[in-house]
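All values derive from a computational prediction rather than experimental measurement.
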Amino acid sequence: MISKYREIFELAKPHLDIRSNEIHTKIAYSFAEQLLKTEAGNEDVVLPAILLHDVGWKCIPPEQHLLAFGPGENDMTINRIHEIEGARMAREILESLNYYPKLTDEIVEIILGHDSRLNPLSLNDAIVKDSDKLWRFSETALDLDPKRFRVDPLDHIKWLGNQIPLWFHTETAKTLAWKEHSNRLLSFGLKAK
């Protein structure tokens with residue numbers, strides 16, 4: 001991780017100690033780096049945004065977390081609070097580092113709707129949204145999520161495959177999602193269709 005982003009991550013870390021957010025953030029960051037290799041986004045917006053996008057969960061009581069995300073019905077009011085609080089906290093962190101003011105505004109705007117906004121505001125927003133969702137296809141997420149959602153792992157993998165056409169905005173992310181999905185199916189001895 002480049003030092004200017006490591007500084008941001010170090011300030012975010014105390015807020016990422018719930019919901020497996022630290023590992024989620026690291027894996028989403030890795031996906032963001034991959035997407036930036038082929039998508040023409042601005043890393044000075046995308047990488048800080050992905051590092052800070054979930055700091056707002058720290059403001060939500062842990063017993064309410066599973067009401068706000070995962071398969072099935074979600075309480076978007078709770079989810080929205082994490083976006084609003086996360087945007088506020090991200091601004092505080094970035095301003096404490098004297099991060100580029102114009103870019104800070106864009107980063108905060110992306111975080112403010114990274115889950116609730118269906119259509120991305122920009123390519124940078126699309127890359128952040130896609131990186132956040134790609135985490136769910138990682139081996140780590142597919143070890144954690146079925147346990148926390150109390151669902152069958154294979155059913156969860158199949159459900160994720162159905163979400164690919166609905167969730168992703170960039171072609172690179174769709175390709176990565178299908179690749180990760182195939183890898184997870186292979187772990188069950190199955191091949192993707």
Side-chain angles (χ1 to χ4, degrees), residues 1-2 4-36 39-62 64-70 74-138 141 163 166-170 172-173:
M1 190 180 291
I2 297 170
K4 66 180 167 180
Y5 306 131
R6 177 155 300 287
E7 262 189 298
I8 293 168
F9 181 63
E10 290 302 320
L11 291 175
K13 262 171 76 170
H15 309 291
L16 299 173
D17 64 347
I18 52 171
R19 227 185 56 117
S20 303
N21 275 343
E22 184 174 341
I23 189 67
H24 160 64
T25 299
K26 288 178 181 178
I27 291 171
Y29 180 91
S30 175
F31 280 122
E33 288 181 313
Q34 289 178 61
L35 293 178
L36 285 165
E39 302 292 337
N42 181 344
E43 76 171 28
D44 286 331
V45 173
V46 171
L47 297 178
I50 203 67
L51 289 172
L52 295 167
H53 78 283
D54 273 346
V55 294
W57 282 112
K58 190 72 171 185
C59 299
I60 308 292
Q64 293 181 9
H65 290 181
L66 288 178
L67 301 173
F69 72 99
N74 294 302
D75 185 337
M76 291 312 289
T77 304
I78 296 170
N79 199 301
R80 190 74 184 113
I81 292 168
H82 108 274
E83 290 178 318
I84 292 166
E85 290 300 316
R88 178 189 58 77
M89 295 163 73
R91 181 174 296 284
E92 289 174 5
I93 288 169
L94 293 169
E95 286 178 352
S96 77
L97 294 171
N98 295 316
Y99 201 74
Y100 313 106
K102 185 176 180 185
L103 299 183
T104 294
D105 290 342
E106 184 177 355
I107 293 162
V108 168
E109 190 62 31
I110 287 170
I111 293 169
L112 191 56
H114 72 273
D115 282 336
S116 63
R117 186 184 315 108
L118 297 179
N119 297 312
L121 299 170
S122 64
L123 178 58
N124 292 330
D125 190 14
I127 294 170
V128 171
K129 286 176 167 300
D130 285 356
S131 301
D132 187 22
K133 289 283 196 282
L134 279 166
W135 136 265
R136 296 179 188 200
F137 294 81
S138 70
Q163 306 315 305
L166 306 172
W167 280 352
F168 294 101
H169 302 283
T170 65
T172 308

* **Contacts of Phe137 that satisfy ring-ring contact (aromatic ring centres under 6.0 Å, His included) - sequence neighbours left out** => Phe168
* Asked: So, His53 versus His82, ring centres under 6.0 angstrom or not?
  -> no
Any side-chain heavy atom of [X] sitting closer than 4.5 Å to one from [Y]?
X      : Y      : answer
Leu47  : Leu36  : yes
Tyr99  : Ile8   : yes
Ile2   : Glu43  : yes
Arg136 : Trp167 : yes
Tyr29  : Phe9   : no

* Less than 4.0 Å between a side-chain N and a carboxylate O, is that true for Asp44 and Lys4? -> yes
* **Lys/Arg N to Asp/Glu carboxylate O, Asp105 vs Arg91, below 4.0 Å** =>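 Judged by the 4.0 Å cut-off on N to carboxylate O distance, Asp105 and Arg91 do form a salt bridge.
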Distance check, rounded to the nearest 0.5 Å: [X] atom [atom1] versus [Y] atom [atom2]?
X      : Y      : atom1 : atom2 : value
Ser131 : Leu35  : OG    : CG    : 4.5 Å
Ile107 : Ile93  : CD1   : CD1   : 11.5 Å
Glu109 : Ser122 : CD    : OG    : 9.5 Å
Leu16  : His24  : CG    : NE2   : 9.0 Å
Asp125 : Ile110 : CG    : CD1   : 5.0 Å
Trp135 : Asp54  : CH2   : CG    : 10.5 Å

Test item: [X] side-chain N/O and [Y] main-chain N/O as donor-acceptor pair under 3.5 Å:
X      : Y      : answer
Lys58  : Gly86  : no
Asn124 : Asn42  : yes
Lys129 : His114 : yes
Ser20  : Ile23  : no
Glu83  : Ser116 : yes

What pair of heavy atoms forms the shortest contact from [X] to [Y], and how long is it?
X      : Y     : value
Ala90  : Val55 : N-CG2, 4.5 Å
Ile18  : Trp57 : CD1-O, 3.1 Å
Leu123 : Gly41 : CD2-N, 3.7 Å
Ala12  : Leu51 : CB-O, 3.9 Å
Ala28  : Ile50 : CB-CG1, 3.7 Å

* Structure fact -> The side chain to side chain contact (heavy atoms under 4.5 Å, CB included) partner of Leu52 among Ile111, Val108, Leu11 is Ile111
* Can Arg80 and Asp115 be said to form a salt bridge (charged side-chain N to carboxylate O under 4.0 Å, His left out), step by step? -> CA-CA 8 Å; Arg80 190 74 184 113; Asp115 282 336; over 6 Å; no
* **Pair Thr172, Gln34: side-chain N/O donor-acceptor within cut-off below 3.5 Å** => no
* To do: Take Asp130 and Phe31 through the side-chain contact (heavy atoms from CB on, under 4.5 Å) test and state the conclusion after the steps.
  => CA-CA 8 Å; Asp130 285 356; Phe31 280 122; over 6 Å; no
* Asked: Taking it one step at a time, do Glu106 and Lys102 satisfy salt bridge (charged side-chain N to carboxylate O under 4.0 Å, His left out)?
  -> CA-CA 7 Å; Glu106 184 177 355; Lys102 185 176 180 185; over 6 Å; no
